[in-house]
Amino acid sequence: MDFSYTILIPLIPLALFLILGLFSKKIPASISGWLGSLGLGTSFALSLYTAYHYFMEGKLEGVYQTFIYKQTWLVFTDKLHIDLGVLIDPISVMMMVVVTTISFMVHLYSRGYMHGDDGYTRFFSYLALFSFSMLGLVMATNLFQMYIFWELVGASSFLLIGYYYTKPSAVAAAKKAFIVTRFADLGFLLGILLISYYTGTFDFQDLTSQEGMLIAGWGASASFMGLSVFTWGLILIYMGGVGKSAMLPFHIWLPDAMEGPTPVSALIHAATMVVAGVYLVARLFPAFYFVDGGFALQVVAYVGAISSLVAALIAITQTDIKRILAFSTMSQIGYMMLALGVSKYEGHEGLGYMASMFHLFTHAMFKALLFLGAGSVIHAVHSNYMKDMGSLRKYMPITHITFLIAALSIAGFPGFAGFFSKDEILVAAFENNKLIYYSSVLVAGLTAFYMFRLYFNIFWGEDRKYKHTPHESPLSMTIPLIFLAFMSIAGGYIPFSQFVTADLMPFEAHINIPLAAIASSVGIIGIIIAFIFYKKPSELSKKFSNAFGVIYTFIYNKLYFDELYLFVTKKILFGIVAFSASWFDKNVVDGSMIGIGNVTVSVANKIKGMQSGKLQDYAMSFVGGIVVIAMVVFYIWIS
Amino acid sequence: METIIFYILAAIIILFAVASVTSRKILRAVIYLLFVLIGIAGLYFLVDYNFLAAIQLTVYGGGIIVLFIFAVLLIHHVELELEKTALKKKLIAGALSAAGLAVTLWAISTYPFPVTDTYTSIEVADIGLLLLSYEDGGFILPFEVISVLLVAVMIGAIVIAKGKKLTENN
Amino acid sequence: MIAGISIYDILTLTSILFFIGVYGFFTRENLITVLMSVELILNASAVNFVLINTYLYPDLLQGAVFSIFIIALAAAETALAIAIIINLYKLIYSVEVKDTETMKY
């Protein structure tokens, strides 16, 4: 079987980026939108074909095979070399499908959403660059290639968040996202260096195979604070994943990143880039699982669980619809993380792994749909805030229905995609860690509540006196909505356990009826509470928030994480460390350099008189020199 | 007798040399230089190099000095006083020259020259034959090179001294 | 060979002459007088050639021949230098050393 054609999937967006980026002034907007959509459509079709091809024929004796096509690029030692290539295995194929689907939909949608924008072509070139980097990331054959594309993803995310570069808040958000994820990526890089130093390889194949575990065995001989170096490396690598996936404590950039255009939020901050951290853990799952009895995996699980709970709590209090969705994303990614964290390796025990990937897939669909729907709403009312919205169901029927489907899906309503994937996660958590299970059930209820709070506030509630009567979005925007709505239902019926498993062997997964019943009833309770609070304009919610007073304010301000970071960076880093460092730099380092310069200049001024241009002065120096040399020579000759 | 003549010549040479480099009247300096050159010609006579002495007198005394006088007359008034040199510069130059002289004299006095007592008289014909000899140790090639050089210098001197006018005519 | 005069006396004489020339070269402010100092230096060396030949190798003629060449070269050099000086005078109406300092820093 030959999968080498998959290299085209990332290369088409790259070509698009180059064409659109280099000739952005020459290509008219009408063409660039079509060109981008067409290119991504091709990639989309190719990845669908790849998925079909792979999942139908990629098995050998019941085990999915891994196909690698690579080219050695930089050679450090015989074993330690950086390759560039394509890796085809279940999760990369699945991710390819997710990325190209969402990217294609976002391209189609953006043609309508960004219509008439000055930087239309530039926007599409950025989208193409992002798609290329994300595809490169998921298809990476080794840690270092992944890191390269990881950074590229960060850079294109920076460009897209800061797309409205005339808006100071967008610029600040872009910088914040870049700096925070960059800081987390430092951990990633250190982890790569640590692991490659001890194992002598970057290659995923070596790192995750059973043979790789042997390498990990002697890597474990060196230890630090009771844990093997390999575990530390994995935790550091996971730090990069935490940054990109906006887990605690590096989540602060995600809400601000909503300053970018809404399609960007849908593409990057809901479906693709933010799950890179999940994908990273999944990619290295055997290493996380086997090294040190899975200590690193415990870290993953708890970070995921805590993030998901905290994000869900914050989401309840927010008023900006995109920020609610951002915190919802964070919460759902926390779900995926904890599912990976509680997973085991073999057969049915690896349910969590499968559930995580499953949820990644369905979440990509319904969260992209939610964002695109929110974009459609924002497009109609020109505001991000819920107080400016209400009763929109009358004006925007398609947006309303698709949004409802997505909300039901994320709330885990039976029959929708989110129900199936969330059920698997809860089963996996229930089987392995009760504490995490309870927190997940709570999060499920909270999710349903805040999502329907959002839904009722937008589409029901009070009919605002709109200056411009809102109208349904154009066809270019509603078609992606409809397609994604279809996927938000149908996605749940894909037998994921047949395709994506930790040990690459398909197994049968069944819905655990009691647990599913608990989860969906919790979800439905959340929906009902939201219904009571927000269906009709009422004072109930306000009374409720007043009752909680301090706690409400605390959560509303996102647990003061931003303020904490600001305190640490501004007061401590800039105020104390940076100030003294800058004093030292200015006075001691610069001072000595400037001093050397000044001394040189003054000495030069003194001695430049020697260059008088007078022949006789030169002759005098010449004769003087000769006399001295002659004296020395004679002295030596005599003695 | 020869000793006395030598000392007289040496005195003339040194006195006039000093006068030549210190005199502030340029034409007088040239004339002092002429006396120095004549003194040196006298030295040549003293060691019986009559041909060289003749050349010294004709080329230097007759040619170069006349050239100097012409240059001086073209450029300066005869009675022009040269600018005074700064005393500091004079002192430095004097000290440097004295130091050089000291080193040189010291070097000369410590070196044992293998002086021979034989004496052969020099005929002009010998010099001529040597200059035109193309055998081992002959000087025919340098001689020709010098002739070419003199021609080149002659042309060059004319071109340079004519300066701009030549290009203007073109 | 001069009766009663050793080679040291003669070399001393020529050395003195040489360094008087050097002193003149250093101190003179006028290009023509500088050139005259150069003549002194050249003469001193020419005399050295002749006299060392006479005292050390009386049956050879090389010293005399070199001396002739030096005189020829001195004549050529003087002619050329004076041509340059005259041309310079045409250009800047001065032959002072201080006016020809364009090689300065």
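Chain letters run A, B, ... following the sequence lines, proteins first, then strands; residues in each count from 1. Every value quoted in this text rests on a predicted model; they were computed, and no experiment measured them.
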Q | Most chain B-contacting option - heavy-atom pairs closer than 4.5 Å, from Ile626(A), Val628(A), Val627(A) | A | Val627(A)
Can you tell me if [atom1] on [X] sees more than 12 non-hydrogen neighbours from other groups inside 6.0 Å?
X	atom1	answer
Phe113(B)	CZ	yes
Phe45(B)	CZ	yes
Lys167(A)	NZ	yes

**Q.** Test side chain to side chain contact (heavy atoms under 4.5 Å, CB included) applied to Thr72(A) - qualifying residues, sequence neighbours left out
**A.** Val75(A), His81(A), Asp83(A)
Q) For Val103(B) and Ala630(A), which heavy atoms make the closest approach, and how far apart are they? A) CG1-CB, 3.9 Å
Just list the donor-acceptor pairs under 3.5 angstrom between chain A and chain B, please.
residue: Gln616(A); atom: OE1; partner: Lys89(B); partner atom: NZ; Å: 3.2

